[in-house]
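Quick caveat: nothing in here was measured; it's all calculated off a predicted structure. All chains are named by letter (A, B, ...) in the order of the sequence lines, taking the proteins before the strands, and each is independently numbered beginning at 1.
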Amino acid sequence: MARFIQDIKRTHSCGELATGDIGKEVVLFGWVNNRRDHGGAVFIDLRDRAGVTQVVFEEDVRPEVHDLAGQLRLEYCVGVRGKVVSRGGNVNPKLRTGEIEIHATELEIFNRSEPTPFQIEDRIDTAEEKRLQYRYLDLRRAPLQKTLMTRAKVNHVTRNYFTDAGFLELETPFMGKYTPGGARNFLVPSRLNPGKFYALAESPQLYKQLYMVAGFDRYFQIVRCFRDEDLRLDRQPEFTQIDVEMSFVEQSDVFDVIEGLVVRLWKELLGVELARPFRRMPFDESMARYGNDKPDLRFDMPHVVLTDLVKQHQGGGVPLLDEAVKAKGIVKAMRVPASAGLSRTEIDKLEEYVRGMGAKGLARAKVADGGEWTQSPFAKSITPELRKAINAATEAQAGDLLLFQFGKESVVHTVMANLRVHIAKRMGLIPEYGSGGKWNFLWVVDPPLFEYDEESGQWAAAHHAFTRPRDQDLPYLESDPGRVYCWRYDLVLNGFEIGGGSIRLHDPEVQARVFKAMGISAEDARSKFGFLLDALKMGAPPHGGIALGMDRLVMLLTGAESLRDVVAWPKTQKGTDLMTGAPGDVDAKQLRDLYVKSTYEPGK
RNA sequence: GGGGUGUUAGUUAAGUCGGUUAUAACGCCGGCCUGUCACGCCGGAGGCCAGGGGUUCGAGUCCCCUACACCCCGCCA
């Protein structure tokens, strides 16, 4: 007797049969997506990753097969043999295969299924906690199947693109030496070297630069990276980067290559033709107008920096603003057009929202017909001159609402940046995915090389210590590090940073000066980065590169709301895996073998 | 480290001012049905209301603590 799998092989997927196949005998394998038992006839929607096909078991054709079909329940895994038949007048327009059905002559139940903890439907309304606990069931759903297929295709297109362009796909170690600065590393104890630890690579940065020194002048890798930092909607502790490095290039060469990739991805995955070149914006402008270096430019509603205006007017009669600028803080405002129609209650809610981000409050002013302010803590004391100047600077019209933040620069930027997006969402300025969508790509360029770290009182690398400063700024490296700008760039899409890179420092002399400006001694630099510093001294070519966040690309390509929806097996916000229970305990012997002892005391 | 939201059948939710036996839909179990496709009809089972403590004559409901999940700040060169 012929058996499924051994003798009866699958002939088609559940997503491909159409009227052209009518009359064929076919074999489908899959899962019971739905059943409708009418007594004399049993209808089964059979599902695999390609789609769904209706199978009919009729009592008067094969009574024993019909009886077995009566036992079928949701998610049973089965094989079916039968004939493709036209549905005649019973077409189901919602199914791709809805013009045909299979009249089954044979059925095998490969495996029954207990009732699943949640139903496998396209619509996802199950708590994420439950979905993650049974991720293998969650992944049976069509939307996640589609997402992972998109992910596979992104990998495929990327490999083809770079390989065609003469790049070599080369690997780098995951287990390396800990280097300070940057993200916190996951550590791996070394059994063979008691008391020593490997660090899991937070990026292949140093190795890819060394590939350049070695002469592999065009490198790429689709690579996992590990960072032991707190998680977010768009941050997982292990994530995938499309990592690229090139020799003998300047910034625009990197942009050309990456724009080419992105254009190809959007065309092949979405059929969308993107315009090139992508827009560019200096870092300082991005901070001033949008409060961060990853502005969502699908809508405008910019911030206006009022610090200088307030200074010119000696505080303009408003003690709070005066104090803020005297304490070296900044003052920013944002004009919310009257059309937003924010009620007083809604504005009060906004105040709660910004307090959660460290704001002390949310000063506001409603602009009246003559330009006067109402509903504002400033209304009584502000001088008409400053008020008029602010109205002019923000282009405020009657009915508009002005929102203010003042004080510590970093807080003001963060609060205003989030507020801008928050209000835009409420106003419906951000189009839904798939609604003709906007793809606002942006290169944020020319950031400062250093940022001042108030805790240590030191200038620290804003990104990493191997970024090349602008030649014209080199004279200020010692005298005024804050005005040294560099060849670093971020690629931003719709408010998400999807990539970042730089032209690297290949000149050992400048490198030494950068370390010095950062307060890192030559000995220190040697012990931490000696191998790279040596390499730079041995004919290192001018080089630069970039890394794209592959997970974020897929998230944006698919319209997913969270990185967890584009990662097959994601971690929770506390870094746990609800399915396997990782991270878990290990026994004492394992720890002894590794010369590791836990100091953790529960409850402390 | 900090701020916020949430946790009620297997799942998703409702549950009023603190009041009697905690509802519904889907799923599950039993029965009927040959054209359904969110099939339909009849019947049934299923709950430590996250856990602990408190207030009260009485708590799913009010208060406190804990756990877990999510969102944000810090952090993420």
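Nucleotide B/rC73 holds its P atom 17 Å from the CD atom of A/Glu409, rounded to whole Å. Atom-to-atom, CG of A/Leu563 to C1' of B/rC70 comes out at 15 Å; the value is rounded to the nearest Å. Following rounding to the nearest Å, A/Leu231 (CG) and B/rG74 (C1') show an atom-to-atom distance of 15 Å. Between A/Glu99 atom CD and B/rC37 atom P the separation is 18 Å, expressed in whole Å. Going from atom CD of A/Gln236 over to atom C1' of B/rC70 covers 13 Å, rounded to whole Å. Counting to the nearest Å, the P atom of B/rG4 and the NZ atom of A/Lys349 are 16 Å from each other. With rounding to whole Å, A/Asp37 atom CG is found 12 Å from B/rG30 atom P. In this structure, the CG atom of A/Asp490 is 15 Å from the P atom of B/rC76, given to the nearest Å.
Within 4.0 Å of A/Leu233, counting heavy atoms only, lie sugar-phosphate atoms of the nucleic acid but no base atom. A/Ser562 comes within 4.0 angstrom of no nucleic acid atom, judged by non-hydrogen atoms across all strands. Base engagement by A/Asp60 is indicated by at least one non-hydrogen atom pair under 4.0 Å involving a base atom. As judged by a 4.0 angstrom heavy-atom cut-off over every strand, A/Ala460 is placed among residues making no nucleic acid contact. Residue A/Glu101 is in base contact, counting any heavy-atom pair closer than 4.0 Å across all strands shown. A/Asp125 comes within contact range of the sugar-phosphate backbone alone, with a heavy-atom separation under 4.0 Å but no base atom that close.
Residue A/Asn418 places at least one side-chain N or O under 4.0 Å from the OP1 or OP2 atom of B/rC73. One finds a side-chain N or O of A/Arg564 lying less than 4.0 angstrom from the OP1 or OP2 phosphate oxygen of B/rC71. In this model, the phosphate group of B/rC37 is not approached by any side-chain N or O of A/Lys94 to a distance below 4.0 Å at OP1 or OP2. Considering only side-chain N and O atoms, A/Arg232 lies under 4.0 angstrom from the phosphate OP1 or OP2 of B/rC73. Between A/Arg73 and B/rC29 there is a side-chain N or O to OP1 or OP2 distance below 4.0 Å. For the OP1/OP2 pair of B/rU12 and a distance below 4.0 Å, the side-chain nitrogens and oxygens of A/Gln119 include no atom meeting the criterion. Between A/Thr572 and B/rA69, a side-chain N or O to OP1/OP2 separation shorter than 4.0 Å is present. Phosphate contact (OP1/OP2 of B/rU36, side-chain N/O of A/Arg36, threshold under 4.0 Å): absent. Considering only side-chain N and O atoms, A/Thr116 lies nowhere under 4.0 angstrom from the phosphate OP1 or OP2 of B/rC28.
Across the strands present, B/rA69 finds its partner in B/rU5; the criterion is a Watson-Crick or G-U wobble pair with both atom distances under 3.5 angstrom. The base-pairing partner of B/rA24, taking Watson-Crick or G-U wobble contacts with both distances under 3.5 Å, is B/rU12. When both distances must be under 3.5 Å, the Watson-Crick or G-U wobble mate of B/rC76 does not exist. Pairing for B/rC41 goes to B/rG31, judged as Watson-Crick or G-U wobble with the two contacts each under 3.5 Å.
A distance of 10.5 Å separates CG of A/Leu144 from CG of A/Asp122, quoted to the nearest 0.5 Å.
For the side chain to side chain donor-acceptor pair (under 3.5 Å) with A/Arg504, the lone residue among A/His543, A/Glu245, A/Gln511 that qualifies is A/Glu245.
Distance noted for atom C1' between B/rG44 and B/rU8: 22 Å (whole Å). Taking the C1' atom of each, B/rA9 and B/rC49 are spaced 10 Å apart, rounded to whole Å. Taking atom P on both B/rC76 and B/rC64, the two are 34 Å apart, rounded to the nearest angstrom. When the C1' atom is compared between B/rG74 and B/rC68, the two are found 22 Å apart, to the nearest whole Å. B/rC63 and B/rU56 have their C1' atoms separated by 12 Å, with the value rounded to a whole Å. On the C1' atoms, B/rC57 is 12 Å away from B/rG18, given to the nearest whole Å. Taking the C1' atoms as reference points, B/rA69 lies 44 Å from B/rC32, given to the whole Å. Using atom C1' as the reference point in both B/rC65 and B/rU12, the two lie 29 Å apart (nearest Å).
Map A/Lys574 and A/Gln54 each onto its nearest nucleotide of RNA chain B; the residue landing nearer the 5' end is A/Gln54. Take the nearest nucleotide of RNA chain B for A/Gln573 and for A/Ser203: the residue whose nucleotide is more 5' is A/Gln573.
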Polar-atom pairs under 3.5 Å, protein N or O versus N or O of nucleotides 44-52 of chain B: list them with distances, or write none.
none

Close N or O pairs between protein and nucleotides 1-3 of chain B (under 3.5 Å):
none

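When distances are taken from the side chain of A/Arg235 to each of B/rC71, B/rC76, B/rU36, the shortest belongs to B/rC76. When the nucleotides B/rC70, B/rG35, B/rU12 are ranked by their closest atom to the side chain of A/Glu58, B/rG35 comes out on top. Picking from B/rC76, B/rC37, B/rA69 the nucleotide with the shortest atom distance to the side chain of A/Leu578 gives B/rA69. Nearest to the side-chain atoms of A/Thr576 among the listed nucleotides B/rC75, B/rG35, B/rA69 stands B/rA69.
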Inset, instruction - Step by step, work out the side chain to side chain contact (heavy atoms under 4.5 Å, CB included) result for A/Ile423 and A/Leu403. - result: CA-CA 11 Å; A/Ile423 293 173; A/Leu403 296 174; 3.5 Å; yes
Legend entry - Steps toward side chain to side chain contact (heavy atoms under 4.5 Å, CB included) verdict (A/Arg564, A/Val567): CA-CA 5 Å; A/Arg564 291 185 299 275; A/Val567 173; 5.9 Å; no
Inset, instruction - Assess whether side chain to side chain contact (heavy atoms under 4.5 Å, CB included) is satisfied between A/Phe283 and A/Tyr485, documenting all intermediate values. - result: CA-CA 10 Å; A/Phe283 176 92; A/Tyr485 287 76; 5.8 Å; no
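A/Tyr290 and A/Asp296 share no donor-acceptor pair across their side chains, judged by distance under 3.5 Å alone. A donor-acceptor contact closer than 3.5 angstrom is absent between the side chains of A/Gln236 and A/Asp551. A/Thr580 and A/Asp577 share a side-chain donor-acceptor pair at under 3.5 Å.
Annotation: side chain of A/Ile503 is in contact with side chain of A/Val254 (closest heavy-atom distance under 4.5 Å). Counting only heavy atoms from C-beta outward, the side chains of A/Asp446 and A/Asp284 never approach each other to under 4.5 Å.
For A/Glu128 against B/rG6, no side-chain N or O and base N or O form a donor-acceptor pair under 3.5 Å. Contact annotation: side chain of A/Arg227 to base of B/rC76, donor-acceptor pair absent below 3.5 Å.
The backbone N or O of A/His303 lies less than 3.5 Å from no partner atom in the side chain of A/Arg420, so there is not a single donor-acceptor pair.
Using bins of under 30°, 30° to 60° and over 60° for the plane-to-plane angle, the ring pair A/Phe466/A/His464 lands in the tilted bin.
Using a 90° window around 0 for the glycosidic torsion, B/rC68 falls outside it and is classed as anti.
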